[in-house]
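Every number for a ligand or one of its atoms is a count from 1 in the order of the listing. Sequential numbering from 1 along the given sequence is applied to the chain's residues.
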Amino acid sequence: MIKIAPSILSADFSKLGEDILKTKDAGAEYLHIDVMDGVFVPNISFGAPVYKCIRKLTDQFFDVHLMIVDPIRYIDAFAKAGADGITIHHEACSDQIETLEYIRSKGCRPAISIKPKTDPYVLEGYLPYVDMILIMSVEPGFGGQSFIPSAIDSTRVAAELVKASGRDIDIEVDGGLSAANVGLVTSVGANVIVAGSAIFGAQNISAAVKEIRDNGENEYRRLLK
Ligand code: DX5
Ligand code: ZN
């Protein structure tokens, strides 16, 4: 079964709590929390104090996506604020494995992400250290961009590497996903789906979560057959 991870970057922050509860009621298992530093990506979002406040609202899995350089500096703060999983970028530091091990030592699930132009075979070296791989299907930095089709191949490669490793590692895809195209990535092995504008920009948040899940799940089941 796939999991849905609404990205709060696209939420209306004047009614953040209300909209998060709608995703929870719609059965979204995760909340995707995009942290940006204005250095690794050309945008600044929010940090631990913001999601610490929403932690008390919901028991959804807090999937914290760090788009910041040298993330090891902030792992303590992000873990303490209530992260369940923490994703770092392959391109954002040189001590990736140490950082992933540190994330695990703090009781969080470690994950590694690659940008759309990064060779997916770099993921091989991370397999012993991660519980999830995040394939970016837009250049990180902003919500509401168009899906980059090369992410389909990267997802397929990631799924093959995971299968060969024998480890139980989730594959998440993030950027430009909607009910219309989610099947493109679940059909090649993605099982955690991030969607920002397609969920928080929808008239009916609950219907949007359901439609993304139904379409994604259909293709995922076909793959498992
Ligand atoms: C982009 C972020 C994404 C983004 C997704 O840097 O990592 O999580 O918010 O938003 P949509 O689904 O609108 O592309
Ligand atoms: Zn993200």
* Tell me, please: is Ala198 in heavy-atom contact with ligand 1, that is, under 4.0 Å? => no
* Asked: Based purely on interatomic distance, does Met36 place a nitrogen or oxygen under 3.5 Å from a nitrogen or oxygen of ligand 1?
  -> no
* Check each heavy atom of Ser7 against ligand 1 and say whether those closer than 4.0 Å belong to the side chain, the backbone, both or neither. => side chain
* **Close side-chain approach of Tyr126 to His90, heavy-atom, < 4.5 Å** => yes
* To do: Indicate whether the side chain of Asp34 and that of Ser7 have a donor and an acceptor atom separated by less than 3.5 Å.
  => yes
* Asked: If you draw the axis of the six-membered ring of Phe78, does the NZ or CZ of Lys52 fall within 45° of it and under 6.0 Å from the ring centre?
  -> no
* What angle, to the nearest 10°, do the atoms NE2 (His32) and OD1 (Asp34) form about the Zn ion (ligand 2)? -> 90°
* Could an N or O of ligand 1 be found under 3.5 Å from any N or O of Gly196, whether backbone or side chain? -> yes
* Rounded to 10 degrees, what angle sits at the Zn ion (ligand 2) between Asp174 OD2 and His65 ND1? -> 100°
* Within 45° cone of Tyr129 ring axis and under 6.0 Å: Arg104 NZ or CZ -> no
* With a 4.0 Å cut-off on heavy atoms, does Glu139 reach ligand 1? -> no
* Asked: Are any of the N or O atoms of Ala195 closer than 3.5 Å to those of ligand 1?
  -> no
* Enumerate the atoms of ligand 1 whose separation from the nearest heavy atom of Gly141 is less than 4.0 angstrom. => 1 (C), 6 (O)
